[in-house]
Structure formats: structure tokens, C-alpha cells
J.: 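Right, I'll just put the structure down here and ask away after.
Values reported hereafter were calculated over all heavy atoms of this structure, with side chains retained and with hydrogens, waters and symmetry mates removed.
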Amino acid sequence: MFDREFLDKTAGSPPVWDIGAGANMAVRRRRVLELGGFDERVGPGAAGGCGDDSEYWHRVLHAGGRIVYEPRSVVRHRHRDNWTDLKRQAYGYGFGHIVALFAQYGRQRDRRDLRRALLTMPLWLLGRALKAPVRRLAGKPDRLAGSWLRGYAGALAHLPLAFRAPPVSDHSLKAGADDV
């Protein structure tokens, strides 16, 4: 279970990605609407392309909620079967992660999010870049480092999300609304 304690015990930006992927999650509609819905600036078809799940989990934890991980749940999906698709995915994850961090900071003003976006991630990418020649010589090239780096660099254009008020949801809570 993930709760406020999980959020508070983390020195850096809370690793909400440890909760899992939103591709197989169940939420209570009422709670989603109470928290303003999913941030449409972040998810598929928007600036981030992904990350709306982790941004939402971040809000749940900041609001004192809890998230339960059920390891017995199973979802079947297609894995990337070629380098082009995997590189595209790595780019998207790098891009979406940083945009989600900007949106999270814009809502919660948790400085750990900006620290991760502007210090921790660049240092992680630098570490990968510095290890690349050694890996290449060992016959194990890091084929995704460039995609992660390009995703990160592209996401920096969305830094203003960190300093804009989050959107106000136009969804309403209606009496008897579907609450599953």
C-alpha cells in the first residue's frame, strides 16, 4: 500500500512510478473528480504524452489518500519487438516523466519535483552518457540513452507548466454519479 507515509519518507521527488503503470488501474470516479480529474495537459494526446497516471497518484498521496497495488492482477499487452519502437517508447517516457514533474510542481509546489526534473534526471542522464563508451567496448551498447536524452530535452519546453495554475475541471459531481 502507498500512502502519505510513502510520500513523506522520500527525500527526493516521490517515486510514484514505483506504484506501477496506469494501463491497468481501477479508480473511484467520485475521488477522481474530487481531485480535479486527470490532468489533460499531461496524458496521451497532450504535451506529456504519458505521465497522467503518476501525476494523478502524486495528487492522491498529497491529498492524504492511499493507493493499493495488487500484484495478482494481470494485464496482457504487446511488448516492443524492435529497436525503433523501443526507442520511441523511451523518448516518450523521458518526455512524459519530466512534463508530469512540471505539472506536479504546478499543483503541489513540492520542490522535490523540480529538483528531480532539473538536477536528478540530468545527472542520471550524464551518468548514462559517461558509461556509454565502456558499455560499447564491452559489447553492450546503451541503445536507449539517446532517446531518453532527447525526450528530456524536448520536455524542457514545457517548464512553464510548473508556474501556471492547473486547469479547473469542467467535470461535475452529480448526485448518484457512477462511483466505482
J.: Out of curiosity, L119 CG to R115 CZ, how far, rounded to the nearest 0.5 Å?
T.: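 CZ of R115 is found 8.0 Å from CG of L119.
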
J.: Quick check on Y93: does its OH atom have over 12 non-hydrogen neighbours (other residues, nucleotides or ligands) under 6.0 Å away?
T.: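 No.
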
J.: Parallel, tilted or perpendicular: which one describes the rings of H62 and H58, with boundaries at 30° and 60°?
T.: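 Taking H58 first and then H62, their aromatic rings sit tilted (interplane angle of 30° to 60°).
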
J.: Would you list the pairs meeting side-chain hydrogen bond (donor to acceptor under 3.5 Å, both in side chains) in which at least one residue belongs to residues 118-131, sequence neighbours left out?
T.: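 Sorted result for residues 118-131: R128-D142.
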
J.: A162 and R109: which non-hydrogen atoms are nearest, and at how many Å?
T.: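 That would be O-NH1, 2.6 Å.
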
J.: Is it possible for you to say whether L125 and L86 belong to one hydrophobic cluster, with membership spreading through side-chain heavy-atom contacts below 4.5 Å?
T.: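 Yes, same cluster.
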
J.: Between atom CZ of R150 and atom CG of L144, what is the distance when rounded to the nearest 0.5 Å?
T.: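 Between R150 CZ and L144 CG, I get 10.0 Å after rounding to 0.5 Å.
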
J.: Under the ring-ring contact (aromatic ring centres under 6.0 Å, His included) test, which residues partner W83, sequence neighbours left out?
T.: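 Here no residue qualifies.
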
J.: Quick one: CZ on F38 to CD on E40, what's the gap to the nearest 0.5 Å?
T.: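 Taking CZ in F38 and CD in E40, the distance rounds to 10.5 Å.
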
J.: Kindly give the heavy-atom pair with the smallest separation between D39 and R59, and that separation in Å.
T.: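 Closest pair (atom of D39, atom of R59, distance): N-NH2, 3.6 Å.
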
J.: Side-chain heavy atoms under 4.5 angstrom apart, residues restricted to Ile, Leu, Val, Met, Phe, Trp, Tyr: same cluster for V99 and L156?
T.: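 Yes, it is one cluster - the side chains of V99 and L156 are joined through contacts under 4.5 Å.
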
J.: Taking all atoms of both residues into account, what is the closest heavy-atom pair of V42 and G51, and its distance?
T.: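 Scanning both residues, the minimum pair turns out to be CG1-C, 3.6 Å.
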
J.: Rounded to the nearest 0.5 Å, what separation is found between the CZ atom of R80 and the CD atom of Q89?
T.: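 Answer for the CZ-CD pair, R80 versus Q89, is 4.0 Å.
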
J.: Quick check: does any side chain N or O of Y152 sit under 3.5 Å from a backbone N or O of Y91, one acting as donor and the other as acceptor?
T.: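 Side chain of Y152 to backbone of Y91: no pair is present.
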
J.: So if you build clusters from Ile, Leu, Val, Met, Phe, Trp, Tyr with side-chain heavy-atom gaps below 4.5 Å, do Y105 and L7 land together?
T.: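 No; tracing contacts between hydrophobic side chains, which count when under 4.5 Å, never links both residues.
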
J.: Test Q108 against L61 for side-chain contact (heavy atoms from CB on, under 4.5 Å), laying out the working first.
T.: CA-CA 11 Å; Q108 306 297 338; L61 296 173; over 6 Å; no

J.: Is any side-chain N of the basic residue among R88 and D85 closer than 4.0 Å to the acidic one's carboxylate O?
T.: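 A salt bridge is present here (some side-chain N lies under 4.0 Å from a carboxylate O).
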
J.: Write down the atom of A63, the atom of L35, and the distance for their closest heavy-atom approach.
T.: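 So the minimum-distance heavy-atom pair works out to CB-CD2, 3.7 Å.
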
J.: Would you please classify the geometry between the F95 ring and the H158 ring as parallel, tilted or perpendicular, with 30° and 60° separating the classes?
T.: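 Ring orientation, 0 to 90° scale: perpendicular.
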
J.: What are the two closest heavy atoms between R41 and R164, and how far apart are they?
T.: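 Shortest heavy-atom contact: NH1-O, 4.3 Å.
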
J.: Considering non-hydrogen atoms only, spot the tightest contact between A103 and L161 and give its length.
T.: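 Heavy-atom minimum between the residues: N-CB, 4.4 Å.
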
J.: Going through the checks in order, is the side-chain contact (heavy atoms from CB on, under 4.5 Å) test met by D52 and Y56?
T.: CA-CA 6 Å; D52 53 336; Y56 174 72; over 6 Å; no

J.: Report the distance from atom CH2 of W148 to atom CD1 of I98, rounding to the nearest 0.5 Å.
T.: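 The distance works out to 9.0 Å.
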
J.: Under 4.5 Å between side-chain heavy atoms, hopping through other hydrophobics if needed: is there a path connecting L118 to F163?
T.: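 Yes, it is one cluster - the side chains of L118 and F163 are joined through contacts under 4.5 Å.
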
J.: Would you compute the distance between atom OH of Y69 and atom CZ of F2 and round it to the nearest 0.5 angstrom?
T.: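 One finds 8.5 Å between OH of Y69 and CZ of F2.
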
